[in-house]
Amino acid sequence: MKLALRDISVRFGGFKAVDGISLAIEPGTLVGIIGPNGAGKSTLFSMVTGFLPHGEGVVSLGEADISRDTPFGRARRGMVRTFQVPREFAHLTVRENLMAAAPGQSGENLIDLFFRPGKVRNEEDAIRREVEETIDFLKLRAVADVSAGRLSGGQKKLLELGRVLMTKPKLILLDEPFAGVNPVLIEELSGHIRALNQRGIGFVIIEHDLSALSRLVSVLHVMDQGKLLASGAPAEVLARKDVREAYLGGAA
Amino acid sequence: MEAYLIAILIVTAIYVLLSLGLTLQYGLTGLINFGHVGFFCIGAYAAAILSTAGSMPIAVGLVAGMLLAGLAAIPIGLVALRLRDDYFAIVTLGFSETVRLVITSEGWLTKGVQGIPGIPKLIDGVGTGPALMILALVGFANILAVIAFLRIVKSPFGRMIEAIRDNEDAVKALGKDPARFKIQVLVLGAVLAGLSGGFYAHYIGYVSPDQFLPIVTFYVWMAIIMGGVGRISGALVGTLLLMGFLEGSRFLRDLLPFISAVEMASIRIGAVGLALILFTIYRPQGLMGDYTRRK
């Protein structure tokens, strides 16, 4: 499913946090977005996923113009996001966090809950099996029954990845998945992302950890002051003088 | 003494329905409903009007009260759930005061400030027997409410409302609409409050607008905070504790005869306030522990 952005701008008063961004994310690709702090990366994510209602421009997913869709409407189309600061359901266990994310549960409907208990039970069993697979895949077995609020930062990132996986997405937008995560877990997360990409799930990743990101993605977009500065293969983009100046403060 | 104890238990059982509703709304979903008494009031007046001027059977009034209270929650939900938590609290507080003012001014229907007397008892007769029957009836309603409550809490619906309480944006990001759940929770709590109001009207036998001041809402808040937010046992124990404080302070007057009745009323509220402060300092999770200490 192709994600296309056309002339995306987000204004906060007189300040343009995102300024006329147009780009296309091809289906099933691994794409990175980098840029200095305040470049507008997270704002762009929030605009694309519907969390900022006042943005301008056209967001389309596949054939559909989703610019006016709600955040949950966009997620239902198969484009889901994570957050820079993990937003776990702190007082639910890891297992419950994952179960809550499963789509189309009739047990979330009060009428079905009271009048079709059998159907609800069967669905719960199926969701539970799926959750166990996800727990194994992400190696969260040891903390499966722990309240999510007690996890480490890295484990929360894993849980968030697991939660979006439960929605059976086609495109996942990760906002700084490696921030505050130890190097071992970064390698593990990268491995998961690669494995999922091979199953056909597309990724757009905002990240500051350039080395981990450039090894992972095939296309890199660079943002600076709300604008798209450069796009291309990671090695080429990172070699550009203007990118180095913007990103590394001209030190190189 | 025995009659008095039964009377306290009946009032407690009526309040438990309110506490359960608020536990669902705040303890599980995180909705700050400061207008609970509004739904209670609608239930009470529906039961009162239908059973007196309407000459309908009591059951009709009770059911109508539940339906009307639930219906009243829908527009509140649609308007207010788009607001942030604290604004939602203010809107609901405004709603309950609006209900009270409408009832005060629409005298042709509600007899205004005079109130409606002569509401038939749930079960006729005087003495312990009928009182116990009333207690059994309200207690049975409590048991049904608790069973339904448990069914909801231990379901995908219950999981989702707790997820909404913990992080609403994350719920949206997973493709689920929090407003749909919050409206249902608001309606469920309102239906329980409506039933509670109906029982209250038939038990006390008289309704007037000054019985439905915001203090009733805050009594229920105190009950769930003392008992433990987000737990069914907390709602039950907290309500008992609240009634203990409210009613127990009556006995204080026998011990301290120099206190006048007016002073006593103030002391009652003061006692509950002091208990609340002590709880928040020394046992913020409430007697039974709140949802944060589940696992």
Side-chain angles (χ1 to χ4, degrees), chain A residues 45-46 49-51 70-83 85-114 117 120-121 123-124 127 145-150 160 163-164 166-169 173 175, chain B residues 24 26-30 70 73 81-82 144-145 147-192 228-231 285 289-295:
Chain A
F45 256 28
S46 292
T49 51
F51 281 86
T70 57
F72 47 88
R74 298 183 199 205
R76 276 181 209 156
R77 288 177 182 274
M79 178 179 70
V80 292
R81 70 171 296 183
T82 65
F83 296 90
V85 178
R87 300 197 178 186
E88 76 283 1
F89 303 132
H91 303 106
L92 302 187
T93 64
V94 166
R95 192 176 267 119
E96 287 168 336
N97 263 267
L98 294 170
M99 292 187 76
Q105 303 184 35
S106 41
E108 287 175 358
N109 179 323
L110 286 177
I111 294 173
D112 282 351
L113 184 61
F114 282 97
V120 171
R121 211 176 309 118
E123 278 184 20
E124 279 285 275
I127 292 168
D145 291 310
V146 174
S147 287
R150 299 187 185 192
E160 276 213 316
R163 231 171 33 184
V164 296
M166 287 300 296
T167 68
K168 299 194 168 55
L173 280 61
D175 196 347
Chain B
L24 191 66
Y26 177 67
L28 295 173
T29 320
L81 290 174
R82 318 253 166 235
L144 286 184
I147 289 171
F149 193 105
L150 284 174
R151 177 87 186 109
I152 289 172
V153 172
K154 295 179 191 302
S155 75
F157 184 93
R159 189 164 61 211
M160 189 45 62
I161 58 177
E162 289 201 76
I164 290 168
R165 176 199 62 207
D166 283 356
N167 202 310
E168 196 171 331
D169 273 346
V171 169
K172 286 186 196 164
L174 294 171
K176 316 226 176 186
D177 177 9
R180 186 174 79 84
F181 292 90
K182 294 203 289 190
I183 287 183
Q184 292 183 67
V185 165
L186 205 61
V187 169
L188 284 172
V191 167
L192 281 176
V229 168
R231 286 200 187 227
Q285 73 274 34
D290 61 10
Y291 64 85
T292 64
R293 333 220 158 198
R294 211 156 52 104
K295 279 147 207 135

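Residue numbers start from 1 in every chain, and the chains themselves are labelled A, B, ... in the order their sequence lines are given, proteins ahead of strands.
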Top residue by heavy-atom pair count (under 4.5 Å) with chain B, among [options]?
| options | result |
| --- | --- |
| A/A90, A/A75, A/G107, A/A148 | A/G107 |
| A/E160, A/M99, A/R81, A/M79 | A/M99 |
| A/A100, A/P86, A/A101, A/G50 | A/A100 |

- [ ] Would you check if B/V185 and B/F157 make a side-chain contact, meaning some heavy-atom pair closer than 4.5 Å?
- [x]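 Side-chain contact under 4.5 Å: yes.
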Rounded distance [0.5 Å steps], [atom1] in [X] versus [atom2] in [Y]:
| X | Y | atom1 | atom2 | answer |
| --- | --- | --- | --- | --- |
| B/D177 | A/E108 | CG | CD | 11.0 Å |
| A/R74 | B/K172 | CZ | NZ | 12.0 Å |
| A/F83 | B/D169 | CZ | CG | 5.0 Å |

Please look at [X] and chain B and tell me whether the side chain, the backbone, both or neither of the residue comes under 4.5 angstrom of a heavy atom of that chain.
| X | value |
| --- | --- |
| A/A102 | backbone |
| A/M166 | neither |
| A/P103 | backbone |
| A/P169 | neither |
| A/E88 | backbone |
| A/T167 | side chain |

Task: Partner set under side-chain contact (heavy atoms from CB on, under 4.5 Å) for A/T70, not counting sequence neighbours - done: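 A/T70 satisfies side-chain contact (heavy atoms from CB on, under 4.5 Å) with A/F72 once adjacent residues are dropped.
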Open item on the list: Ignoring hydrogens, what is the shortest heavy-atom contact between B/G27 and B/Y291? Give both atom names and the distance.
Closed with: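 Closest pair (atom of B/G27, atom of B/Y291, distance): O-CD2, 3.6 Å.
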Task: Where at least one partner belongs to residues 150-159 of chain B, residue pairs that pass salt bridge (charged side-chain N to carboxylate O under 4.0 Å, His left out), sequence neighbours excluded - done: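 Sorted result for residues 150-159 of chain B: A/E124-B/R159.
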TODO: Select one option (side chain, backbone, both, neither) describing which atoms of B/L188 are under 4.5 Å from chain A's heavy atoms.
DONE: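 Contact with chain A: side chain only.
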